[in-house]
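Each remark here refers to the structure printed beneath this line.
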Amino acid sequence: MKGTRPEQATLSRETDMSKTDETRAVIEAMVDGLNDHRIADIGEFFSDSFRWMGNAGCGTKSGLTEFQKNWQKPFQAAFSDKVCVDEARLFMGEWAAAFGRQEATHSGCFMGIEATGKRIEIRYMDFWKVEDGKISDNWVMVDFPHVLAQLGHDVFGGEGWEAYDRGARQAPSPDGKDG
């Protein structure tokens, strides 16, 4: 509603900027660990009470064990020869963020789609909080619709807004007038 101004950035308001270098070191080492396909010893980077909060299709993982069991293992079972490429990283005190892609081979069942052997791109955004030298929270957005499209499944049934970009459909307007 116009004029409404909810409180913003409450989680990062009291950021300790002296923690930036420590946060950078933890995140950079963790990404290297993920690129080495580590699972069993990934606790080097994540606290035991670590929370992984993903978008629909990814789910939310409470604790390191649940993250390993319900994210890392099924993800690596579905996608092999995986490499993580952060295209940008930002660091601010105990906070970090990145966006990028993983390049991987679809070598196992994913969302009901049997292995295709296709080399695909998995786009993502990550936001981390580092406390006491370990990642305590991770907010994640993985572009599963894009992954599924590469595997031949359109989750939007042809109704995605890319049709507007291609000029195949006219985008609606809030005032009811098209164009």
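- Between Glu131 and Ser136, the shortest heavy-atom contact is OE1-OG, 2.7 Å.
- Between the side chain of Lys118 and the main chain of Leu151, no donor-acceptor pair closer than 3.5 Å is present.
- With rounding to the nearest 0.5 angstrom, the CD atom of Glu162 is 10.0 Å from the CZ atom of Arg169.
- In this structure, the side chain of Gln72 does not engage the main chain of Leu34 through any donor-acceptor pair within 3.5 Å.
- Other residues, nucleotides and ligands place no more than 12 heavy atoms under 6.0 Å from the CD atom of Glu14.
- Counted within 6.0 Å of CG on Asp165, heavy atoms from surrounding residues, nucleotides or ligands total more than 12; the atom is thus considered enclosed.
- Separation of atoms CD (Glu159) and CG (Asp154) is listed at 9.0 Å; rounding is to 0.5 Å.
- Hydrophobic clustering, with ILVMFWY side chains joined whenever heavy atoms are under 4.5 angstrom apart, groups Val31 together with Val140.
- Under the 4.5 Å side-chain heavy-atom criterion for Ile, Leu, Val, Met, Phe, Trp and Tyr, Met111 and Phe75 are members of the same hydrophobic cluster.
- Taking the side chain as every heavy atom from C-beta outward, Arg89 and Arg24 never approach each other to under 4.5 Å.
- Distance alone, capped at 3.5 Å, is enough to place a donor-acceptor pair between the Gln150 side chain and the Glu121 backbone.
- Rounding to the nearest 0.5 Å gives a distance of 9.5 Å between CG of Asp143 and CG of Leu148.
- Scanning both residues, Gly33 and Phe45, for their nearest heavy atoms gives CA-CE1, 4.3 Å.
- One side chain, Thr105 or Arg119, offers a donor N or O that lies under 3.5 Å from an acceptor on the other.
- Residues Leu64 and Ser47 come closest through the heavy atom pair CB-O, 3.8 Å.
- To the nearest 0.5 Å, atoms CD (Glu66) and OG1 (Thr60) are separated by 9.0 Å.
- Considering every non-hydrogen atom in both Cys109 and Ala78, the closest pair reads O-CB, 3.4 Å.
- More than 12 heavy-atom neighbours from other residues, nucleotides or ligands sit within 6.0 angstrom of CG on Asp36.
- Residues that satisfy the salt bridge (charged side-chain N to carboxylate O under 4.0 Å, His left out) test with Arg13, not counting sequence neighbours, are Glu7.
- When every heavy atom of Thr15 is checked against every heavy atom of Met92, the shortest pair comes out as CG2-O, 3.4 Å.
- Each of Arg51, Lys61, Lys129 was compared with Asp137 under the salt bridge (charged side-chain N to carboxylate O under 4.0 Å, His left out) criterion, and only Arg51 meets it.
- Rounded to the nearest 0.5 angstrom, Glu114 CD and Ser107 OG are separated by 11.5 Å.
- A donor-acceptor distance shorter than 3.5 angstrom exists from the side chain of His37 to the backbone of Lys82, with no hydrogens or angles considered.
- The closest donor-acceptor contact from the side chain of Gln76 to the backbone of Pro74 lies at 3.5 Å or more, if one exists at all.
- Cluster annotation: Phe99 and Val142 are assigned to distinct hydrophobic clusters (Ile/Leu/Val/Met/Phe/Trp/Tyr, side-chain heavy-atom contacts under 4.5 Å, transitive).
- Residue Ile135 is not grouped with residue Leu11 when hydrophobic side chains (ILVMFWY) are merged at heavy-atom distances under 4.5 angstrom, including chains of intermediate members.
- A ring-centre distance under 6.0 Å is found for Phe110 and Phe144.
- When atom types are taken as modelled, the side chain of Asn138 and the backbone of Trp52 share no donor-acceptor pair closer than 3.5 angstrom.
- Heavy-atom minimum distance, Gly108 versus Ala115: N-CB, 3.5 Å.
- The list of ring-ring contact (aromatic ring centres under 6.0 Å, His included) pairs with a residue in residues 119-140, not counting sequence neighbours, reads Trp95-Trp139.
- Atom-to-atom distance recorded for Ile42:CD1 and Met30:CE is 7.5 Å, nearest 0.5 angstrom.
- A donor-acceptor pair under 3.5 Å is formed between the side chain of Gln68 and the backbone N or O of Ile39.
- With hydrophobic clusters built from ILVMFWY side chains whose heavy atoms lie under 4.5 angstrom apart, Phe156 shares a cluster with Ile113.
- With hydrogens and angles disregarded, no donor-acceptor distance shorter than 3.5 Å links the side chain of Asp86 to the backbone of Gly100.
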